[in-house]
Structure formats: structure tokens, C-alpha cells
Amino acid sequence: MSGADLQATNPQETSPARPAGSGNASLAATAQVAGAVVELPSDLYIPPNALAVCLDTFEGPLDLLLYLVRRRNIDILEIDVAEITDQYVAYIELMQASQFELAAEYMVMAATLAEIKSRILLPRPEPEEAGEEADPRSELVRQLLEYERYKLAAEQLDELPRIDRELRQALAGLPDRRYERPQPAVQLSDLLEALAAALRQAELFEHHHVRGESISTEDKISHLLANLDRERFLPLVAMFDAREGRLGVVVTFLAVMELMRKALVEIVQPDGFGPIHLRLAGPGESA
Amino acid sequence: MSMALKATTLKPATLKPIVEALLLAADRPLALEEMKSVFDPAQRPGNGELREALASLAADCEQRGVELKEVASGFRLQIRAEHAGRVNRLWQEKPPRYSRALLETLALIAYRQPATRGDIEQVRGVAVSSAIIRTLVDREWIRVSGHRETPGRPELFVTTRQFLDHFNLGSLADLPPLGEIAETPEAIEAPETPKAVLNISDQFLVPFFEDVQIDDLSWKDHQF
Amino acid sequence: MSMALKATTLKPATLKPIVEALLLAADRPLALEEMKSVFDPAQRPGNGELREALASLAADCEQRGVELKEVASGFRLQIRAEHAGRVNRLWQEKPPRYSRALLETLALIAYRQPATRGDIEQVRGVAVSSAIIRTLVDREWIRVSGHRETPGRPELFVTTRQFLDHFNLGSLADLPPLGEIAETPEAIEAPETPKAVLNISDQFLVPFFEDVQIDDLSWKDHQF
């Protein structure tokens, strides 16, 4: 990717010059109807290749979270989970809207964040014992701090002077041909063995290529919307399909969270800790 | 008889150029034992004499383009880092750059060894790519030292002497210290975040791309 | 303007260690022009200054294990002949070995030639280190035969006459067919999965020989 390529995709460079009807206009349109849109506009003004750059830049959900935390200059110990969750979910939605196959880890993290958020928001039963209840954020904070340690360690490692970059082995010539530096003896069989090994490896490589799972939050949202109707409450547990495995559960959960955030569904929990039900939000209530 | 033997041992002034010749002939660091092995038994210097010659050679190098360094596998004469810019122009290829994923994986193995892929994944929060492990094994920077006796018997990775040699280290103790716990955040050139915002694009994208110049990608090497 | 340029040129005392660094990094004779090419134009020394630095370096070497020699293709620092005997013993104790990565790279070039680094990386799944290519070129087992006309114009590597000589082959046609490699038990490290081995040859023979037209055998009449 050349600098010019990237520059061209930089919204800061291109958006002011864009004519009406392009990205900026659709952005404004989206803002006006916010709360009523189910999908992100497909003509988002950031081209997918720019997003790819962003995605490649993060080494996973922890790295992305760390970025979100650090760019706000917040102490990790004082994370506002609600805010970070929103930004995080916004980011991965954006990725999905641009047809990126996100690693499942990103989904799992979204679910983890959502869970922490809900535990903070939900009324907690009175603590009976003197023992303090653990902060639901503590595990996440621990993970972030631990990851950051090694991220920094990796940067320090990269800064060490190393052979073939800052340093080179000093070598002088040998005085005459008779004292030519001896070379390793290699038999043809060594060579063939190496080749066979390389080919075997290539084969493994080929067959172990993991395919991204094809459950997207977007599809799941459409699916859930199709199953719900305004008159009827459906139990939350009915939304999950065990056959989709862990990822399916996570994606379904994300989809529900997303529908709630956009006020497209209502959540009803008739009894204190009873089953949770969903139904489509009424027309007047969504604003 | 024993006097004759004594008489033939090498004087420090004689030893030094030999040691230099050995170091400049070998394309790898040389251990003391390797250096000693080239002398006839009668003339073979002791470790003390050899170290003395090496110290004297190191002092001579102060004014030279090379320096004497003791790394994990032994002693090496190496081009000083200050000449890297010009020296690297002798070759077409650029020195290799390693991805953050690779460096983070390597750091985890270096600091936590022995470590399994699972250990690395737990801290990094993402799957370890096989290509990275293979590259590290290929470079001979890591190797499998055994298996952890847990279900699946995962491979345990450790770093090698070649890793220490390559990164100019004498031992694992020379690695930069691992941060105890993350410090208070350094100032990140984050712009004033817009306050009330309506939707994702406003709230997230704009500030995101405001401080991220895609073409400079400075955040890639961000010091968090 | 010319004064400003003058002011930045390097002093002889600064030039000498740089010249030494270049000579000891290159591991081959360097012509004056090559040495000059690594300097920024504003700092580039003239032939006179360079020769002065070289003369001073040569004088310093009087007491050292190396000497400065001017040979046909330029200048080089070389081990003094009097140390040759001891230096040679370094390898009697511990003959160097080639890494598996190097052997795999060589084998892939032999069978796939002409091959780019990308071609090799594709099969091995790992970036090819420049050090490996350099070692193979230095040993004169491979050479660059041209460039592939794709973006980046990557170098095409082929094996040499010396490669054939070393392995006692009359021509590349004498290399065992790939299918045989997979079937020769001693060539296989893990014979417990013979089926997998067969699959390999099935899978790879075709693509491998697709782009090598046996009947044109351009490599056979290669001017090595």
C-alpha cells in the first residue's frame, strides 16, 4: 500500500471536497434518522481498504480496547464500561458493515463488555456479607493491564539493536584459498528431506486454513426481527440456537443488544428474576 | 621439561591479534572454549589470559568501527550501531521488520518461558497464528522444549541462544525489564472529543479518523 | 553554498572507523566507488580523503590480527596469513551446519526454478530471510537470472553449475522426481502417515511441473 493510496482514502482529505449526495450527505441523513436505522449505511464514506488498514492495525480486541481507553487519556482502572462498550460495538459494527470477517474473539469481547455493562447497570442484591463484591470490571482491567505489559515489552524488544538491522557480525577475509572458510557438507538426501518436509508443511497449511464462521450480527438482527412481532412477546432464550455454538450465542446476544440500543425492541421482565421476553417496539415509543 | 612448556605459552601481546583473527574469521559468536581449542595444548591459554586479551581488544576497539560484545553464545566483534545507516546501504534489501503480532508473541515466550500457545492467546486475546510460530522456529529464535502435562499436551516454547545472540543479549536477564504494572497513561495526542453526538459515525468515526492520519499511521507505533 | 557543503564533510578521524565498519561488514573487497556510495552527497569524501583514511587504517593494523589488502576489485581487510592455521581449526571442532530453512529454500529453488522469494514463501508459509538468500548466493549455489515482470519486478533465482557439481548431478533433469522424494522412506521423517505423503505428491507435482516445460528445458542450456 503506498502512501498515496492511503491518503486517497483518508476522509479528512477527501470528504470536504465531495459533492452533495456522497458520503457526507448520507452521513447527515443517517444522523437525522438515528434510532430508526437497522443497518449502517452501505455507502459509508470510509472505503473498506481504509478500514482494512485500521483492522490490521489492531492486534485483537484487547489492543482495540486499549486504544479506545488510552486515546481518551483514561486510567485503565477507571474505565467507563458503558462508554467503551458503545465505542467498541460501534467499531466492530462498522467492520461488519464493510463486509469484514471479524475474528470470533472480537465478538466474544463485545459480549463480555455487554455483560459487564449489564452487571453494573442492574440493581444488585444487597450484599449480605462483609466481603465486598468484586467489581465486575476487575477481570477485564486485569487483562488489559497484562496485555499492555507485553505490548510494551514487545516494543522494547523491537527497539533493541539487532543483527542485520543496527548491528552486523564483523568478518574479515581469509588469507588464501587454502584457508577458505569451510562450508557445511550437504548431501542430496538432506536437500530432498528438506523439500519433503516443506511440502508436507504446505499441505498442512492448506488443509488447516480456518474458515471464518458465517454468522454475522446483521443477519442475526434481520432474523430476529422477522421472528418477532408487535403483538407477541417471545422469551429471550428462544432467540438462541444451540446448533450455532458459542459464536452463535454471542452473535445473537450482540444482535439483541443492538436492537435494544436502537430502541427497536422492548424488553420485558415480569418477575424479579423471571424469564426475559422481547417484542418489537411500538411505533410511537421508538423516539 | 615443564620449563620448556612454560616458555612456549603466548604472551598477552601475542594472544590479542590471534583472538582478533579468530573473531573476525568466524561468522558466529565464539565461546572461550572454542577459542582455546585452536591452540596446541602446550600453548593453550587459560580462561584468565584469554579474558585479559579480550578486554584489551575491547579497549582497542573504542576508536574503531567495531566493538567487542559478549552475547549468549560467546564473544563477537560487531559493527557499531552508529554505522548501521551507511553500512546497510551496501545491500539492496532493507532490514526485515517484524509485525507487532510476531513481536508480542516473541516477547511473551521470552518473558514467560516456557509458554504454550494457550498462554500467549490468553494474554493477547487472539489466536496465535501458525505462520508466526513457524517464522520464529524458522529463525531459530524459539524451539519446543517439551509438552505441558495438561489435556492436549500442548507444546512448550522457549527462546534459544540464537535469539539472545540476534538481539545482542548475554542472557535472559538482559531483557528490558517487564513493566510491573501499567503506569498512569501518557498523554496521547487525542483531540478534544466532540460532546453530544447522535450516531456511531459521529461519535466514533470522526474522532477516530481525526487523530489517526491514515497515511502516517503513527499510532501503529504508538507508545501507549 | 559550497562552503556549507565543505563544512559538513567528514574529518579523517571520523572517516576511518566508517571505512573499517564498511570493510568488515561487507565480507568482500570494496571498490572506492562502493565505499563512497554509502555517503550522503554532501558528506561524500573524495578519493584522496578515502585513500588517506585507508592508509591510516592500514598503519593501525600493524599490531592487529588483520591487514588491509588492495586486490583487483578493491580493498579488503583480511586475516594475516600467520593466523590461518589456527583459524582453520575453528571448524574442525565444530563444522557449521545449514538450517532447515536454508535447505528447504534451496530445494524449492532447485525444483521450481526460476523462482522468486514470493514463490518460496508461498510453499513454506514463512518469509524467506535475506541472510539465507545471501548465503546461497555467496556459496554460488543460486544466482539471479532476471526479474519477473510483475509489480515489484521480483528477482528470479535459479541454481548454478556449482550447485549441480556439488550434488554430483549432470543436469537438473537428474534431480529425483518429486514423486520419488515423497516415496523414498529415508527422505521422510515421519513415515507413520504414508497416505498423507502420497497426497503431497499428487497435489504438488502438477502445479510444480506445470510451469516447468520439460521439453524446453531452458535451464539445461543455461549459461551458468
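Residue numbering restarts at 1 for every chain, and letters A, B, ... go by the order of the sequence lines. Note that this is a predicted model, so its numbers are computed, not measured.
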Chemist: Let me confirm one number: the CG-CD distance from A/D158 to B/E104, rounded to the nearest 0.5 Å.
Modeler: 11.0 Å
Chemist: Starting from the C-alpha separation in whole Å, work towards a yes-or-no answer on side-chain contact (heavy atoms from CB on, under 4.5 Å) for B/F163 and A/L157.
Modeler: CA-CA 11 Å; B/F163 159 74; A/L157 196 62; 4.0 Å; yes
Chemist: Can you name the nearest heavy-atom pair linking A/L171 to B/A25, along with the distance?
Modeler: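 So the two residues come closest at CD2-O, 3.9 Å.
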Chemist: For the pair A/Q169 (side chain) and B/A26 (backbone), establish whether a donor and an acceptor sit closer than 3.5 Å, ignoring hydrogens and angles.
Modeler: yes
Chemist: Looking at every heavy atom in both A/A170 and B/V66, which two are closest together, and how far apart are they?
Modeler: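 Looking at all heavy atoms of both residues, the shortest contact is CB-CG1, 3.8 Å.
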Chemist: Among residues 105-127 of chain B, which ones touch chain A with a heavy-atom distance under 4.5 Å?
Modeler: B/L106, B/A107, B/L108, B/Y111, B/R112, B/Q122, B/V123, B/R124, B/G125, B/V126, B/A127
Chemist: Would you mind reporting whether A/I163 and B/R76 have side-chain heavy atoms less than 4.5 Å apart?
Modeler: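 A side-chain contact exists here, since the closest heavy-atom pair is under 4.5 Å.
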Chemist: If we only count heavy atoms from C-beta on, is the A/K151 to B/R100 side-chain gap below 4.5 Å?
Modeler: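 Yes, side chains in contact.
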Chemist: Enter the distance from B/N88:CG to A/R165:CZ here, rounded to the nearest 0.5 Å.
Modeler: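 Reported to 0.5 Å precision, the distance equals 10.0 Å.
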Chemist: Nearest 0.5 angstrom please: B/I79 CD1 to A/L167 CG, how far?
Modeler: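 One gets 9.0 Å once the value is rounded to the nearest 0.5 Å.
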Chemist: Quick one: which of A/R162, A/M109, A/E146, A/Q156 has the most heavy-atom pairs under 4.5 Å with chain B, could you say?
Modeler: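 Max contact count across the listed options: A/R162.
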Chemist: Is the count of non-hydrogen atoms from other residues, nucleotides or ligands lying under 6.0 Å from B/E82 atom CD greater than 12?
Modeler: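 More than 12 heavy atoms, drawn from other residues, nucleotides or ligands, come within 6.0 Å of this atom.
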Chemist: Using only non-hydrogen atoms and a strict under-4.5 angstrom cutoff, which residues of residues 166-176 of chain B touch chain A?
Modeler: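 Checking residues 166-176 of chain B against chain A gives B/H166, B/F167, B/N168, B/L169, B/L175, B/P176.
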